[in-house]
Amino acid sequence: MNRILAKQQLSEHVFRIRVEAPLIAEEREPGQFVIIQLDSNFGERIPLTIADADQAEGSVTLIFQAVGRTTRRLAELREGDEIANLLGPLGRPTEIRRFGRVVAVGGGIGVAPLFPILQALKEAGNHVTAIIGARTRELVILEDEVRAVADELIVCTDDGSYGRKALVTKPLEEVCSAEPAPDLAVAIGPPVMMKFCVETVRPYDIPVMVSLNTIMVDGTGMCGGCRVTVGGETKFVCIDGPEFDGREVEFDNMLKRLDAYREQEQQALENCKIEEMHR
Amino acid sequence: MSTKTSEQLEAEAQHLLASFEGKELTRKERLAIPQQEMPAQDPNERRFTMSEVTYGYSEAQARVEAARCLQCKNAPCIEGCPVRINIPAFIQAIEDREYNQSISIIRETNILPAICGRVCPQENQCQEACTVGKVFKDPMQSVSIGRLERFVADRARASAGQDAPAVKPETGKRVAVIGTGPASITVAADLRREGHAVTMLEAFHRPGGVMVYGIPEFRLPKAIVDEEIETLKHMGVEIRTNFLVGRTRKLKDLIAKDGFDAIFIGSGAGLPKFLGIEGENLVGVFSANEYLTRSNMMKAYDRERADTPIFQPRKVAVFGGGNVAMDAARTAVRLGAEEVNVIYRRTRTEMPARVEEVDHAEEEGVRFHFLRSPKRILGDERGRVVGIECLSYELGEPDDSGRRRPVVIPDSESVIEVDTALVSIGNDSHPLITQTTPELETNKWGNIITDDTGRTSMERVYAGGDIVLGAATVILAMGEGRKAADSIHRELSGT
Ligand SMILES: Cc1cc2nc3c(=O)[nH]c(=O)nc-3n(C[C@H](O)[C@H](O)[C@H](O)COP(=O)(O)OP(=O)(O)OC[C@H]3O[C@@H](n4cnc5c(N)ncnc54)[C@H](O)[C@@H]3O)c2cc1C
Ligand code: SF4
Ligand code: FES
């Protein structure tokens with residue numbers, strides 16, 4: 001079960017794996033995610049967006065950045081290894097229809113969840129302008145894939161090492177203010193990026209869909225750990241989302257909630273270092 | 001609760017036993033036998049460990065307690081038991097030291113006695129009805145039926161291991177059972193026994209439902225639940241974890257694509273309710289479900305080994321007065337909180353939690369604030385909880401039901417300084433299946449509507465447990481499961 005069929009390194013910390021998961025491949029739709037756990041006893045459960053699926057092969061593609069405990073361990077697995085637990089597809093699928101003109105921003109690893117949404121939006125007959133951004137050239141992922149799908153593509157890096165030297169909000173602003181104006185904006189990436197994309201789009205009065213990646217435990221609506229305030233109401237990202245109109249999302253509260261365990265995690269790291277010093 | 005050690009309790013029981021062993025006891029003599037106390041870990045020690053609080057009766061204690069039973073002809077206790085265990089008969093068997101017979105009598109109607117003996121609210125069920133309690137005008141003085149049930153169940157577990165019940169020849173019919181809580185376990189066992197192929201579908205990575213993700217180890221050791229799951233596997237029940245019906249597969253497709261002949265939905269009441277007050281999404285506010293799941297299922301209490309973090313509490317407020325609230329409060333104690341405050345809108349007598357849990361919580365230093373309710377949660381500039389503001393209540397005139405409703409006292413706001421707030425005001429039914437299956441009729445609380453045989457509005461689809469009753473109890477979930485299994489079997493066998 002859940003065997004890794006292929007593994008590829010996309011950049012220093014970013015990996016793409018194809019995992020055997022016939023049922024998930026059959027049912028999944030763009031915008032949905034899975035929860036993985038690498039050890040049934042002591043492992044943590046973390047959400048990862050489904051970047052692609054192959055029904056014929058019965059597999060799903062996951063793209064992740066090896067930054068936390070679990071993603072680092074996942075990056076160490078090899079082809080043929082199994083993922084102990086894989087649950088999905090979770091979350092509501094993206095609302096896909098013909099909106100007209102769509103501008104879609106993917107920041108860093110956020111390009112991975114964005115990609116299947118772009119594919120679906122394109123298939124539904126939308127004109128798609130894609131903006132993908134990263135800190136530096138090395139971290140730009142899926143450029144060729146996005147180029148093949150989008151009508152227009154703008155690549156930018158913070159340090160100018162590739163494409164335009166700009167934050168994604170700059171080209172986003174330009175696209176929004178140009179004629180014909182977009183009918184829908186999509187922004188997926190680091191929370192702070194999504195927050196600023198929303199502020200950039202807000203004056204233009206077009207919906208801006210964001211995909212939230214809050215802290216999760218079960219991913220099925222049983223804990224409320226993933227909750228955010230949307231339009232003044234509490235929503236569970238795992239069952240009511242992960243996508244919301246960013247104009248209604250209280251990003252500041254969400255950003256703080258994402259930091260809930262930071263001190264503890266840093267403390268754990270510190271303890272490790274102290275232990276090592278003593279040894 | 002006593003401060004006696006297990007050794008003292010054992011010595012007393014031995015002494016009593018010797019005094020009446022072999023004698024025919026009169027009713028008066030039986031009523032004179034003191035109720036046997038449950039041996040338990042010292043409160044000061046158990047604050048630091050997740051291991052089970054109570055040890056269970058010794059054989060001598062069980063025999064003394066069994067001798068308190070009057071063997072009433074009308075056996076009101078049976079009426080009080082949701083699955084109608086033949087209580088006087090199993091207690092008589094203990095008196096006769098026929099423990100195998102005793103467990104067989106219980107198992108006729110209850111397949112999870114080691115669990116029920118620990119978590120049933122006996123004081124509202126069999127023990128409420130018990131004649132002995134009536135004589136003393138105190139249900140807490142009744143025969144300790146639950147402790148006796150646990151005694152025989154644990155004894156059977158320790159001696160033989162468990163024999164998997166016999167399975168009839170295969171019928172060729174296939175049933176999908178959604179969830180692995182007590183309702184689903186009962187359905188799976190009953191239907192498998194009749195020879196139907198049973199596949200259980202569980203969203204979590206570990207089967208057992210609330211009994212593994214909610215109820216903590218110190219109250220219900222996970223090993224007991226695991227044994228029950230193993231028994232099912234030995235019977236040939238297939239258990240598929242990481243399978244979320246409604247997402248991994250639509251309910252309808254289980255019949256249409258996967259060819260199941262019938263479906264039982266036992267998906268429980270897993271959706272945590274929040275109060276809807278200001279500050280509820282601050283960092284440091286958790287549903288009891290989240291806090292307990294992190295601690296129990298994800299084992300976050302084992303900080304050395306577990307990857308899942310849990311918020312380190314210093315001063316805690318727990319909102320609610322049920323079992324969930326007690327479990328959350330006592331978990332916080334064990335995670336090292338200096339101060340744990342339970343905030344409850346009514347008074348102690350109205351608390352829905354088992355009396356034993358409330359007593360245990362108190363012994364462990366949990367503070368109770370009755371007739372109080374949170375008005376808002378206060379945060380600092382970093383979005384973290386720094387306190388709660390509460391309103392005080394007083395009991396007003398009795399309402400139509402005769403209950404005195406709490407009425408808010410104007411301008412009674414007061415602040416309790418805390419850094420963690422655990423919301424345990426109840427759970428709603430798990431919404432995913434009903435949301436993704438519009439054909440299923442639900443009531444206004446989102447519970448699935450069934451007839452009295454467990455049948456839903458969809459053909460070949462049955463439901464039971466918390467998803468039908470709303471958050472209830474293990475034993476009621478099992479009772480529902482038994483009823484549904486019976487009608488599923490009748491439908492499948494055409495009888
Ligand atoms: C903290 C806590 C303490 C409690 N203490 C007591 C007590 O002391 N005594 C007592 O009698 N009762 C107690 N209860 C209540 C009792 O646990 C429940 O009433 C009982 O477990 C309900 O059983 P169930 O079979 O209906 O569902 P559950 O035990 O809730 O099991 C439902 C299962 O279904 C799974 N599921 C849900 N949706 C899906 C889906 N779509 N697909 C697949 N699987 C799904 C869930 O993951 C879960 O495993 C307590 C409850 C809690 C939360
Ligand atoms: S009511 Fe009490 S005393 Fe009477 S048979 Fe039942 S347990 Fe025994
Ligand atoms: S992750 Fe638990 S409710 Fe969303």
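We name chains A, B, ... by the order of the sequence lines, and we start the count at 1 in each one. Keep in mind that what you see is a predicted model, and the values were worked out from it rather than measured.
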Can you tell me how far [atom2] of [Y] sits from [atom1] of [X], rounded to the nearest 0.5 angstrom?
| X | Y | atom1 | atom2 | result |
| --- | --- | --- | --- | --- |
| A:Asp218 | B:Leu244 | CG | CG | 9.5 Å |
| A:Arg45 | B:Phe204 | CZ | CZ | 5.5 Å |
| A:Cys223 | B:Leu271 | SG | CG | 10.5 Å |
| B:Leu282 | A:Arg257 | CG | CZ | 8.5 Å |

Is [X] in contact with chain B via its backbone, its side chain, both, or neither, using a 4.5 Å heavy-atom distance?
| X | value |
| --- | --- |
| A:Asn41 | both |
| A:Leu86 | backbone |
| A:Glu26 | side chain |
| A:Arg92 | both |
| A:Gln32 | side chain |

For B:Phe260, does the CZ atom have more than 12 heavy-atom neighbours from other residues, nucleotides or ligands under 6.0 Å away? yes

By a 4.5 Å heavy-atom criterion (distance strictly below it), what part of [X] contacts chain A: side chain, backbone, both, or neither?
| X | result |
| --- | --- |
| B:His205 | both |
| B:Asp253 | side chain |
| B:Lys273 | neither |
| B:Arg305 | both |
| B:Phe243 | both |

Sub-3.5 Å donor-acceptor pair from the side chain of A:Arg227 to the main-chain atoms of B:Glu280, do we have one? yes

Checking B:Asn289 side chain against A:Met222 main chain: does a donor-acceptor pair fall under 3.5 Å? yes

For B:Asp307 and A:Thr70, which I'm curious about, is there any donor-acceptor pair between the side chains at under 3.5 Å? no

Please tell me whether A:Asn253 and B:Asn281 have a donor and an acceptor in their side chains that are separated by less than 3.5 angstrom. no

May I ask you to decide whether B:Arg247 forms a salt bridge with A:Glu27, counting only side-chain N to carboxylate O separations under 4.0 Å? no

Look at [options] and state which one has the largest set of heavy-atom pairs under 4.5 Å with chain B.
| options | result |
| --- | --- |
| A:Gly91, A:Gly224, A:Gly68 | A:Gly91 |
| A:Asn2, A:Ile24, A:Val228, A:Thr234 | A:Thr234 |
| A:Thr220, A:Asp259, A:Leu255 | A:Thr220 |
| A:Leu38, A:Asn85, A:Ile35 | A:Asn85 |

Mind ranking [options] by heavy-atom pairs under 4.5 Å with chain A and telling me who comes out on top?
| options | value |
| --- | --- |
| B:Ala288, B:Ser287, B:Pro431, B:Pro272 | B:Pro272 |
| B:Leu292, B:Thr293, B:Val423, B:Thr248 | B:Thr248 |
| B:Leu432, B:Ile310, B:Thr436 | B:Ile310 |
| B:Ala203, B:Gly379, B:Ala306 | B:Ala306 |

When you look at A:Lys256 and B:Glu381, which way does the salt bridge (charged side-chain N to carboxylate O under 4.0 Å, His left out) test go after all the steps? CA-CA 10 Å; A:Lys256 285 173 183 150; B:Glu381 68 291 346; over 6 Å; no

Which class fits the ring pair A:Tyr261 and B:Phe286: parallel under 30°, tilted 30 to 60°, perpendicular over 60°? tilted

Do you know which two heavy atoms are closest between B:Phe311 and A:Ala260, and how far apart they sit? CE1-O, 3.9 Å

Heavy-atom check, side chain of A:Arg69 versus side chain of B:Thr308, under 4.5 Å: no

